[in-house]
Engineer: 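I have a structure I would like to understand better, so I am pasting it below and will then ask my questions one at a time.
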Amino acid sequence: MVSGAEGAMVGALDRPLSLARYDRFPDGLLDVPAPELWRHLPGPSLFSLDGRQSDALFLSVLLHGNEDTGWRAIQRVLKRLQGRVLPRPVLLFVGNIAAAKAGVRTLPSQHDYNRAWPGTTHPATPEARVMQEVVAITARARLFASIDIHNNTGNNPHYACVNDCGDRHLQLARLFGRTVVYFEEPVGVQSAALARLCPAITVECGRPGVEAGVAHAVELIEAALSLQHFPAHAVGDTEIDLLRTFAIVKVPADATFSYDGSAADFAFRGDLDHLNFAELDVGVSFGRSTGGRRLEVASADGTRTDYFHYRDGEIRLAQRAIPAMLTLDPDAVRLDCLGYLMHRIGRDGRRLADDRG
Ligand SMILES: [Zn+2]
């Protein structure tokens, strides 16, 4: 699901990249900001930290170099627990240190660190080999749960993502909040690989650099560290707002786009990201297209559904949908996508009847 980086990856298979391993967390790292980690760590690093209970919490941070909320959160948690034994063992994976140095999601020469986990379409890249090693090590531990911490670029609420609607995955997601997104695409993500081993979620903590996101991630980590076991009862339909990603929306690689009304193949509305998580009706406009250009809409289940119609150059929703991660960040659009389209689902993964528009 990487877009522009595919070409750069080919021929880069011999780039050396190896996993560094540590059996303690040096106090010196407690105050190091993400862009400075390269001075202290040689590359992607796995810390195995002891704890009282038997089952370990697996945490991954900085899979995207410019999303530092997870790193700030684990620093704060470990600082609070400094000099004490952790409530349970922690396996901490600190991912893309080179991209963090550059302040970007992924370097042009790299395979996206959250598209390289087992299940990826590119299993022979150096990044994929590192993730295979991390999963092999993790699979040998007794695991309690896995949490992968991210930020995004648009106006979004905090929410958890799951790749499995089983009760323990949803119980873990509930520790973060009641908005839970189930997704199958893109593949090669951390939470999909870890969901085969233990309850696993990805959490989206809003934009980087916002204190509320760090505080929320700290709460989640501390809750997962102190929870003895997940509640035995099933998660009820009223306890969560369960949504499913049905389509990924991309701007064609050769197309131009703008948000300020200036001339481009796609002139999106300037408040596009304020549509995120709103239940939109048929006819809501995303902006205008010229020259007959069309957005690329790939549905997760392979079926072709028309999500947009184009009349008089206006891009309008052709069916009801709930967008997520619509972004005004051109780099995010080029490296990842314009955003996702979701629908409310029941526990069986099917769209709720009242959502059909
Ligand atoms: Zn991310």
Side-chain angles (χ1 to χ4, degrees), residues 1-5 34-35 37 44 58-74 92-108 110-117 119-120 127-128 130-131 134 146-163 173 176-177 179-195 200-210 212-214 216-217 220-221 245 248-250 273 276-277 323-340 342:
M1 281 301 136
V2 284
S3 42
L37 274 172
F58 180 71
L59 293 169
S60 54
V61 301
L62 288 173
L63 296 189
H64 294 141
N66 56 351
E67 301 174 12
D68 70 347
T69 285
W71 173 242
R72 288 172 189 262
I74 191 64
L92 168 64
F93 179 59
V94 183
N96 202 334
I97 287 165
K101 179 186 180 190
V104 298
R105 174 187 169 103
T106 304
L107 292 173
Q110 295 175 325
H111 189 185
D112 189 319
Y113 272 43
N114 203 28
R115 304 289 185 271
W117 295 78
T120 178
E127 290 79 9
V130 166
M131 306 316 161
V134 171
S146 166
I147 300 170
D148 182 27
I149 306 176
H150 288 256
N151 296 103
N152 46 52
T153 53
N155 179 65
N156 290 282
H158 296 172
Y159 59 95
C161 303
V162 295
N163 304 91
F176 191 63
T179 305
V180 182
V181 174
Y182 168 75
F183 72 101
E184 294 158 297
E185 297 271 340
V187 297
V189 299
Q190 192 270 22
S191 54
L194 271 291
I201 57 174
T202 302
V203 292
E204 296 285 351
C205 302
R207 291 188 172 96
V210 179
V214 180
H216 197 179
L220 171 67
I221 296 169
T245 300
I248 303 176
V249 184
K250 296 192 176 204
D273 61 336
N276 287 330
F277 286 83
M325 289 177 76
L326 287 173
T327 179
L328 307 184
D329 179 337
D331 290 337
V333 174
R334 289 293 182 214
L335 285 170
D336 193 15
C337 62
L338 181 67
Y340 296 86
M342 309 184 293

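Whatever order the structure lists ligands and atoms in, that order sets their numbers, starting from 1.
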Engineer: Using a cut-off of 2.8 Å, find all protein N, O or S atoms closer to the Zn ion (ligand 1) than that distance.
Structural biologist: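 Result, waters dropped: His64 ND1, Glu67 OE1, Glu67 OE2, His150 ND1.
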Engineer: Less than 6.0 angstrom separating the ring centers of Trp71 and Phe93, yes or no?
Structural biologist: no
Engineer: Any chance the side chains of Asn152 and Glu204 put a donor and an acceptor closer than 3.5 Å?
Structural biologist: yes
Engineer: If you apply the rule side-chain contact (heavy atoms from CB on, under 4.5 Å), what do you find for Leu37 with Leu62, and how did you get there?
Structural biologist: CA-CA 11 Å; Leu37 274 172; Leu62 288 173; 3.6 Å; yes
Engineer: For Asn276 and Asn155, does a side-chain donor sit closer than 3.5 Å to a side-chain acceptor?
Structural biologist: no
Engineer: Between the side chains of Asp148 and Ser191, does any donor sit under 3.5 Å from an acceptor?
Structural biologist: no
Engineer: With His64, which of Thr106, Asn96, Asp112 fulfils side-chain hydrogen bond (donor to acceptor under 3.5 Å, both in side chains)?
Structural biologist: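 Result: among Thr106, Asn96, Asp112, Asp112 is the only option passing the side-chain hydrogen bond (donor to acceptor under 3.5 Å, both in side chains) with His64.
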